[in-house]
Structures are given as structure tokens and as C-alpha cells.
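Down below is the structure, laid out as C-alpha cells.
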Amino acid sequence: MYKTKIGLEIHAQLSTKTKAFCSCPADVFELEPNTAICPVCTGQPGALPVLNEKVVEYALKAALALNCEINLRSSFDRKNYFYPDLPKGYQITQYFTPIAENGYIIIDHDNKKKIRIRRIHIEEDAGKLIYQGSSSISGASTSLVDLNRCGVPLIEIVTEPDIESPSTARKFIEILRDILRYLEICSGDMEKGALRCDANISIFSDDGKNTSNVVEVKNMNSFKFVEKALEFEKNRISSVLSEGKNIPHETRTWNFSTKTTISMRSKEEENDYRYFPEPDLLPLVIEKPFVEELKKHLPELPWEKEKRFIKEYGLPEYDASVLSKERALADFFEAVVKKTDKPKETSNWIMTEYLREIKELNKDIEGLAFGPDHFKELFDLMDSGKISQKIAKDVFSKSLRSGKMPSKIVKEKGLEQINDEEVIEKTLREAMKENEKAVRQYREGKKGVLGYFIGAVMKKTKGKANPELVNEIARRLLESEEE
Ligand SMILES: [Zn+2]
């Protein structure tokens with residue numbers, strides 16, 4: 001039997017307003033090529049970098065949330081290499097002393113399963129090549145260079161090879177993404193490249209005698225692809241090992257159209273980059289009180305919120321985990337409960353109706369004009385018996401889409417529940433007249449026919465009749481007139 005050992009290197013793009021070492025905007029995803037550049041980020045002679053303080057703050061927040069030791073004195077270094085998207089010929093990174101080390105993430109709170117974080121360091125991104133006529137540089141007729149991304153701030157999070165399976169690797173990145181989003185330091189959007197993951201994978205036999213070389217896998221730009229690519233590698237490497245051979249130490253890339261990995265190059269060694277201290281930047285010295293202050297104001301993290309939701313609101317574990325996954329959703333839930341004072345009902349409505357509708361509308365919570373006050377009104381309308389649960393769902397949907405208050409919709413559409421016994425009785429008699437056969441059947445003992453009459457009344461009243469009352473009156477009428 002073979003076992004798997006995976007280590008991850010994750011680049012997270014920090015959502016600061018400006019780049020790491022100049023004042024160009026950092027959110028360049030939708031900008032026209034080469035419109036967010038300056039002499040500093042394009043490496044013009046004589047231009048000097050100035051460190052963005054927010055980058056340090058965001059990196060520290062990540063380090064604290066990931067339980068790292070902070071290096072109060074760290075430094076910047078140059079990673080030297082040539083590529084057309086890197087006009088400076090080097091990237092500024094933290095090689096010799098990173099800002100933080102030796103942290104961990106607990107990925108399973110029941111079993112206290114930890115994945116250790118080796119280091120977190122700050123670095124700048126490189127630009128982007130746009131290939132024409134091909135998806136890679138080798139087949140392209142022309143390659144265009146967009147330097148907007150040069151100098152966009154990143155943190156690289158490097159784990160120890162503690163991950164034992166491709167599915168755990170996926171879980172790790174998902175948890176990391178949730179944490180970074182809670183901290184509001186990274187959008188976590190893998191499709192847009194705001195979170196990029198490379199993995200090192202090796203396979204070894206149970207007795208430890210047979211160990212493969214390490215393969216690096218790149219270009220896995222979704223959670224699903226991380227798992228798929230690693231699963232593919234695990235199988236590929238184990239089958240080579242079982243033939244008594246080994247695989248080369250190389251870098252491979254995930255090809256999502258063929259669902260395989262392909263070799264990119266033999267793995268470069270670290271000393272190929274000729275790292276040396278960045279002479280244009282002073283060492284980064286952080287004051288301890290600054291770290292303490294950040295620590296004090298760190299938001300409640302997903303698993304802490306989940307625990308509190310169970311304790312404070314008496315929610316089942318499942319509800320608490322769904323609601324605490326995203327900070328915006330968790331905040332929304334709490335704001336609604338504050339108004340309704342009904343945690344479980346609120347949770348039910350949010351987890352079913354609300355999440356389904358916003359998924360259908362492809363919107364996020366902030367983009368909707370439906371807030372806690374709308375929920376409160378909806379609950380009041382149900383509690384007072386003005387509308388039934390069924391009508392409430394309809395009113396909810398209309399209110400969510402239009403932003404109109406539920407009571408206004410009820411009034412405008414005439415949706416108030418019919419509680420008038422006379423009206424219900426009249427409607428029932430109509431239904432009985434229309435189907436005398438069913439009445440006979442009921443009176444001959446076929447009690448299941450009751451459902452037919454309830455349905456008929458609901459249909460005639462367009463769902464507005466109070467179902468309990470209909471049930472009660474139907475029984476009375478059908479039974480009392482038996483003689
Ligand atoms: Zn710039």
C-alpha cells in the first residue's frame with residue numbers, strides 16, 4: 001500500500017487599494033491592459049519601491065489567524081529570473097526571513113487534525129502574457145504583455161507536507177479561503193486568480209522503503225481541479241512506483257480539457273534564482289504593540305462563530321456550519337435574529353428560501369434590497385395569521401426581488417389569509433355541490449376524500465384560506481350532514 005504526502009504553496013492576492021510598492025491600483029482584474037502601471041512597478045531606471053503599510057497589516061492578520069509566530073524583524077529579497085512579463089528581471093519577495101513562520105490550521109476540530117504552516121511571506125506579483133492563437137507560449141503566433149499585475153501584493157502561504165490525501169488538500173484550501181475572506185484581506189476568488197495553488201506531492205510505501213521523487217503540480221485554478229490533479233498524480237506516481245521505477249523530479253501542469261497533468265519542465269532548484277537582499281528596501285521592523293492591536297481586533301473566525309451559534313442560538317450543528325461559512329451570511333443571520341427573536345425559524349428560512357433565491361438571482365447579500373426588517377414583517381404576518389406559510393413563501397420571493405415590504409405586497413395582491421368561517425363554509429358547500437360523488441364516498445367511509453375537498457377550497461381561494469380552518473370545517477360539514 002502506498003501513502004501520499006502533499007504540501008501546498010498558496011498565493012493569495014491581498015485586496016489592498018494600491019500595489020505593494022507603488023500607488024497604482026491593485027485591483028486590476030477588469031482594467032484595460034497596461035493602464036495601471038508606473039515607473040516603479042515596471043522597473044524603470046532610478047524608480048524606487050516604497051512599502052505599502054496595508055500589505056504588512058494584511059499579512060500580519062493572516063499570520064495571526066493561522067497561528068504563526070511573527071518575525072518582528074524581517075527583510076525583502078530579490079528572486080532573479082527572466083520572463084517577458086517581468087520587466088525588472090526580479091520579483092521582490094521575502095526569502096531569507098519571512099514575516100511569519102510555524103503556524104497551523106486545524107482542519108478537523110473534532111479530531112484536532114492540524115496542518116502545519118511553514119511560513120508566510122510577502123511578495124509582489126508579475127505581469128501577464130496574453131497568447132494569441134494558442135493557450136500556451138509555444139503555440140502562439142503572437143504574445144502580448146500586460147503589466148497591470150506587476151507589483152500587485154501577494155502573500156505566499158507554504159504548508160509542511162502534512163496533507164495525506166487530495167480531498168484533504170481541497171478541504172485545506174477551502175478552509176483557508178474562508179479564513180482569508182473573513183479577515184477581508186483577499187477575495188478568495190480562484191477563478192480570477194486571487195487565490196492560486198501549487199502542490200508538491202510524493203508517494204511512499206507503508207514500510208518506507210519505496211519513496212517517489214517530489215512532483216510539483218501547477219495551474220490548478222479551482223478547488224475541484226486541485227483535488228482532480230492531485231488524484232491523477234497520486235495514481236500516476238503509484239503505478240510507476242509499483243513497477244519498481246521512479247518518476248523524475250519535475251514540474252507538471254494540470255490540463256483541464258484532457259483531465260491529466262503534463263510535464264512542464266524539470267524542477268528548478270532554489271539556488272537557480274540567485275536570491276539576494278533587496279538593496280532598495282530597509283528591513284521590515286514591526287512594533288509589538290501594532291501586532292497586539294491587530295490581534296485584539298481580529299474578527300471571530302468561522303469555527304468560532306459556528307460554536308457560538310450552537311451555544312447562543314441553540315442551532316443544530318449543520319445549520320451553524322452553513323450559516324457561519326461566510327461572514328456576510330453569518331452577519332445577516334444575526335441581524336435578522338435580532339429582529340425576529342426566532343433563531344431556528346430564521347435559520348430555516350435563510351438556509352432554504354433565502355439561499356435558493358439568491359443563488360437563482362446570482363446575487364450576493366449586499367446586492368439585495370431585502371433586509372432584516374423585511375424578514376421581521378414576513379414573520380409577523382405569519383404569526384398573526386394574516387398569511388399562511390405557503391403564501392409567505394410567495395410574498396418572500398416577491399419582496400426579495402423587488403425590495404418592497406411584505407405587508408405592502410400582501411395588500412397590493414390581496415393575499416391576506418381567509419380566516420372568515422362563513423366564507424370558507426360557503427366555498428366548501430360549492431365544492432361539495434360540484435362533486436357529489438366524492439361526498440357520497442366520504443360518507444360511505446372513504447375518509448381520504450377529505451384531502452380532495454381541502455385542495456378544492458385552497459384552489460378556489462387561490463391558496464389564501466386558512467388550511468387548519470378548512471380542515472376543521474370540512475370534517476364538520478361532511479360528517480354532520482350524513483343523516
Ligand atoms: Zn506602479
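Numbering of ligands and ligand atoms starts at 1, following listing order.
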Quiz prompt | Atom of Asn34, atom of Val145 and distance for their closest heavy-atom approach | solution = ND2-O, 3.0 Å

Quiz item: When you check the gap from the basic side-chain N to the acidic O, do Asp178 and Lys325 get nearer than 4.0 Å?
Solution: yes

Self-check item: Backbone N/O of Lys218 and side chain of Asp198: donor-acceptor pair under 3.5 Å
Solution: no

Quiz item: What's within reach of the Zn ion (ligand 1), meaning protein N/O/S atoms under 2.8 Å?
Solution: Cys22 SG, Cys24 SG, Cys38 SG, Cys41 SG

Quiz item: Does a salt bridge link Glu304 with Lys307, judged by any charged N lying under 4.0 Å from a carboxylate O?
Solution: no

Exercise. Indicate yes or no: does Lys88 engage Glu124 in a salt bridge with an N to O separation below 4.0 Å.
Key: yes

Quiz item: Do we see a donor-acceptor contact under 3.5 Å between the side chains of Glu123 and His11?
Solution: yes

